[in-house]
Chemist: 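Just dropping this structure here.
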Amino acid sequence: MSEDVGTTGEYENYTVAELKVELKSRSLKTSGRKADLVARLIADINQTIENIEDVIKQTEEATE
């Protein structure tokens, strides 16, 4: 179904401060090393994608 973002991608170019702002906007923990922040952000993005796909699937099933 979904393909995980899975890689650090563009987030490696973010500063720690920028990562913390993004994490805070998602109500996620903002402490740790840069690699931890990137991993936490990617995990949240992947979970969000899964949730959206589940809603789409449920909507499609309901309309059939």
Side-chain angles (χ1 to χ4, degrees):
M1 189 175 270
S2 73
E3 183 174 317
D4 286 352
V5 173
T7 62
T8 56
E10 67 181 272
Y11 297 110
E12 277 298 312
N13 297 325
Y14 279 37
T15 65
V16 170
E18 290 170 326
L19 289 167
K20 287 183 177 187
V21 167
E22 184 65 28
L23 288 164
K24 188 174 182 180
S25 75
R26 295 169 178 267
S27 300
L28 297 171
K29 185 176 158 186
T30 60
S31 62
R33 298 176 306 127
K34 182 176 180 177
D36 298 331
L37 304 180
V38 170
R40 193 173 300 128
L41 182 56
I42 290 172
D44 187 63
I45 291 168
N46 287 334
Q47 184 61 53
T48 300
I49 290 168
E50 285 181 31
N51 293 343
I52 291 169
E53 287 177 340
D54 287 346
V55 169
I56 291 169
K57 182 179 177 183
Q58 291 170 3
T59 302
E60 289 172 346
E61 289 172 353
T63 58
E64 291 178 353

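Quick caveat: nothing in here was measured; it's all calculated off a predicted structure.
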Chemist: Between L28 and Y11, is there shared hydrophobic-cluster membership here, with clusters defined by ILVMFWY side-chain heavy atoms closer than 4.5 Å?
Modeler: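 Yes, it is one cluster - the side chains of L28 and Y11 are joined through contacts under 4.5 Å.
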
Chemist: Name the atoms and distances for all side-chain donor-acceptor pairs under 3.5 Å in residues 32-44, with sequence neighbours left out.
Modeler:
{"residue": "K34", "atom": "NZ", "partner": "E12", "partner atom": "O", "Å": "2.9"}
{"residue": "K34", "atom": "NZ", "partner": "Y14", "partner atom": "O", "Å": "2.9"}
{"residue": "D36", "atom": "OD2", "partner": "R33", "partner atom": "N", "Å": "3.2"}
{"residue": "R40", "atom": "NH1", "partner": "K29", "partner atom": "O", "Å": "2.8"}
{"residue": "R40", "atom": "NH1", "partner": "S31", "partner atom": "O", "Å": "3.1"}
{"residue": "R40", "atom": "NH2", "partner": "S31", "partner atom": "O", "Å": "3.3"}
{"residue": "D44", "atom": "OD2", "partner": "R26", "partner atom": "NH1", "Å": "2.8"}

Chemist: How long is the span from the CD atom in E53 to the CD atom in E60, to the nearest 0.5 Å?
Modeler: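 Between E53 CD and E60 CD, I get 10.5 Å after rounding to 0.5 Å.
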
Chemist: Not counting sequence neighbours, which residues clear side-chain hydrogen bond (donor to acceptor under 3.5 Å, both in side chains) with N51? List them please.
Modeler: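 Partners of N51 under the side-chain hydrogen bond (donor to acceptor under 3.5 Å, both in side chains) test: Q47.
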
Chemist: Using side-chain contact (heavy atoms from CB on, under 4.5 Å) as the criterion, list what pairs up with T15, not counting sequence neighbours.
Modeler: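 With neighbours one apart ignored, the set is A17, E18.
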
